[in-house]
Structure formats: C-alpha cells, structure tokens
2 protein chains.
Amino acid sequence: MTQHGTVARILDTAEQLFAEKGFAETSLRSITSRAGVNLAAVNYHFGSKKALIQAVFERFLTPFCAALDAAIDRRLADTGAEQLSLEDLLALVARTAIELNARDPARGVVFMRLIGLAYNESQGHLRRYLASRYGNTFARLQRLVRQAAPGVPPAEMFWRAHFALGSVIFTLSGLAPLMAIAEADFGRRQAFDDVVQRLLPFVSAGLRQGANA
Amino acid sequence: MTQHGTVARILDTAEQLFAEKGFAETSLRSITSRAGVNLAAVNYHFGSKKALIQAVFERFLTPFCAALDAAIDRRLADTGAEQLSLEDLLALVARTAIELNARDPARGVVFMRLIGLAYNESQGHLRRYLASRYGNTFARLQRLVRQAAPGVPPAEMFWRAHFALGSVIFTLSGLAPLMAIAEADFGRRQAFDDVVQRLLPFVSAGLRQGANA
DNA sequence: CGCCCCCGCAAACATACGTTTGAAACATAT
DNA sequence: ATATGTTTCAAACGTATGTTTGCGGGGGCG
C-alpha cells in the first residue's frame, strides 16, 4: 500500500486482514507483524482494537459518503429534476465507489466484505456506530430509492432495499471464491465488471416490480 | 429445548449461541455453562470445537436435505413433468424448512443465520465441508432452477442464483434487528411470514428476468 | 461380587490474546 | 546544547480460550 507512516501502514494492513479473516479472528499481533510495526503501536495510536476497527471504516466511509453526496447533488442539478431513476442511482453508487479508489480497484470489493462483516456482527456495536455516523447519507439514499419506484408502498420498499443490499453485500463479500467456482464451471474467467453488470439488473428488477412507470 | 441427554443439550445451546454471536465469539464455556453440562463434555463427545460446529450443521442439514429431496421427488411425480416452476421450487424449499421444525418455527431462521456465518467464514473450511457433504442436493436444486428459467444462459443463472441466495441469507440472517427497525419506522409489527411473502417475489423477479415464458 | 466401559466432574495445562509499562530513540524548538 | 513532547520498542501482565488429565460413580454382564 502507501508508503507513509505507522498509522497508515496499520490501517492498510488491518483493512486487508479484517476483510480476509473477520475482526475477532484477526489478532493485533498478526496486523502489526505484517505491517512491520511494533505491537504496542496500535494501542498507542488508536487506543484499542475496537477503535482501530472504527478507524478503518472511517477512513473509507467518510470520503466515500462525501463523494457520493456530491455526485448525487451534481446529478440532480444536471437533470434539473428532483429524483433519479433507479439505474442512475445504483450506477452512481457503484461508480463513486470505484472512482474513489482508482489506484486500487479491488478496494471497493474488500470494503464490501467489511460492511458485510459489520452487518453480521453479533452485538451490533459496529452497526450502531455506522448508523449514527453515516445515517444521513444512508437516509437520503433510501429516500431517493423510494422516489425512484413510485407506487411501491414505503414498508414494502424498506424490505426490498434490504433484499437488494443482501445480494450486493453477500456477493461482493465472497467474490473471490465465487469467481473461482464460476471459472471452474464455465471455463472462461469472469471479470469484476461482468459480475456488477449482472448484479445491477438483478436488483433493479426486484426493486421495481409492481412499480408505476 | 428438548429434555434428552448431554449431547442434545450441547447441540441445542451451541446452535442458538453460534447463531447469536458467531463461531469464534462463542466460547465452549459459555455453551456448557448455559447447557448445564461440564466443560469437558464437548471435547469428550465431539472431539473438538470444530467438530461441534460441524455436528450442529449436520443435525439440521441431513434431515433437511433428505426431506427436500423427497419433497421434490413427490412434486415431480405429482405433476408428471420433469421440471418445476420457480415459484414451486422456492415455496418447496421454504415449506420443508418450516415443516421440518414445526415445533420451533424460529429454528429455520436461526439456521439461516448459521449458513450465512458459514459463508462468511474466513478460510472456508465449513464451506468446503458443506459442499462435500451436501453437494448432491445442492447441485440438483441448481439444475432445477436452471430448467425453470429457460433462455437464461447457465453462467448468468449461476450468478443470479447467488444473488438470490444473498438476499435470503442476508435478510434472514439479520432478521431480528431488521424487524425491530421496520416496526419502529412503520408502526405495525411485521410477522415472519410477511417478510417471506415479500422475499420470494423479489428473488423470483430477479431470477427470471429475460427468461422465455 | 468383580470387571469393564461409558459418562460426568473439578482441576490443571498450554497457549493466544488485548493491553500496559518503562525506558530508549527521535524530532523539534528554545 | 539542553529541554520537551512524541513515537518506538521489548517485555511483561492479566485474562480467556481450547484441550487434557485423573479420579469417581454407576449400570450391564459374566
């Protein structure tokens, strides 16, 4: 990863190891030894393991949410309308996630895995933290999705949004083994974009069924 | 839980605690103390924690796969055809899962959470074990799904199946908090069946888009 | 009875973990 | 050059984990 100081090296390695093995299964010792820093550095710079985990999420999510909000603003201003189509919206999210990490295209996938882990976290500490920290952007997204599928009652749309979220997170979260299986079964190697190209219509179809227009 | 011996009590408690907190986060001591058995009983009866985890899956999955296979056979014989509709198939899976645990309706959901955890497992030991143990039933399901949506290329269907699986597992895996949010946002309490009733059309729509007939 | 085998139990064992400590190294500014 | 605040380091601490051990009880059988 990048070449800067101890803090960044810890964050880089932690992000990768957490995504590979989960939070509980990743020890601070494995992080610090791979990062080439002293064990005590984590507690010195972050305070605790829990704080490290939050810092990993923060480093990705804060710029991402800012960029996404800006992209939505821009798009709304361009079209002059007050709402976006479902495809526009989904593509916007996917594009900002990709463009924000142009140097390392795999990072978006890695991070989707982290979000999947956060959702499956037992006590939900992380879920609550993320909801309180980035709830605004998330609520805005939810509102836009609801407007993009008129005629679908809000409660129904709430569930559909989570179904869609499940598809995305689950797939991107276990992408590597899935791509290996697909390659073994169907011969040709699949690219990441192929999967996204298939994923977006799938969730669109599910989200908008029964909607007017 | 049932009233039988030590082994069953361990399995009952382990199933529940694993679903609540994950495998790594659940200690043998928490299992044995809640089950009211001695700590050493786990290693005595199962050999290791890993073997316990596999036993939990086996106790649920072996009867389930057998019942599902039988149900599919029966349905195929009834209709006289060689394939089933997508709705038939999905309903069949849901129904056997529910009917097999009529005494404890929540168990199917609990177990979906376990499957979700197994999928997110780091090294994939569990994934491999389940694939080798229950691969036959799984392959048959996959084949039937493919036949139910003619005109969709196999590779495309492979991915859509995993998208659908993601919706189901993700949703049922985190059902409790989701239902709480839904209740807070929309007032009336949602039943489990309501969610399933919404989930099935969602995945059907995504699975069959672009299919002939 | 005496033997054996299965099971339950308290205790100990070894290991891995997150965290803390105190001193050394470093940088920076006066 | 001295002093001050920050960062790094090796080592230790306390705790929790999975696993093993050795003893004891109880039921079936010769």
Integer-rounded Å distance: [N] [atom2] and [X] [atom1]:
X: B/Arg9; N: C/dG8; atom1: CZ; atom2: C1'; answer: 11 Å
X: A/Lys49; N: C/dA16; atom1: NZ; atom2: C1'; answer: 11 Å
X: A/Leu39; N: D/dT7; atom1: CG; atom2: P; answer: 18 Å
X: B/Ile53; N: D/dG18; atom1: CD1; atom2: C1'; answer: 12 Å
X: B/Ile31; N: D/dT19; atom1: CD1; atom2: P; answer: 11 Å

Item to check | Check: A/Phe170 ring centroid to B/Phe163 ring centroid under 6.0 Å | outcome: no
By the 4.0 Å heavy-atom rule, please label [X] as base, sugar-phosphate, or nothing.
X: B/Thr26; answer: sugar-phosphate
X: B/Ala41; answer: nothing
X: B/Thr32; answer: nothing

Item to check | Side-chain N,O (B/Asn43) to OP1/OP2 (D/dG18) below 4.0 Å | outcome: no
Item to check | Distance test, side-chain N/O of A/Ser27 to OP1/OP2 of C/dA16, below 4.0 Å | outcome: no
Output the single nucleotide from [options] whose closest atom is nearest the side chain of [X].
X: B/His45; options: C/dG8, C/dA10, C/dT19; value: C/dG8
X: A/Asn38; options: D/dC9, D/dA11, C/dA10; value: D/dC9
X: B/Ala40; options: D/dA10, D/dA12, C/dC9; value: C/dC9
X: A/Leu28; options: C/dC6, D/dT8, C/dT19; value: C/dT19
X: A/Tyr44; options: D/dT19, C/dT19, D/dT8; value: D/dT8

Next on the checklist: Taking the nucleotide of DNA chain C with the nearest heavy atom to each, does B/Arg29 or B/Thr6 sit closer to the 5' end?
Outcome noted: B/Thr6
Sidechain-backbone polar pair: [X] side chain, [Y] backbone, donor-acceptor under 3.5 Å:
X: A/Arg160; Y: A/Leu207; answer: yes
X: B/Thr62; Y: B/Arg59; answer: no
X: B/Ser30; Y: B/Ser27; answer: yes

Checklist entry - What pair of heavy atoms forms the shortest contact from A/Leu126 to A/Phe57, and how long is it? => result CD1-CE1, 3.9 Å
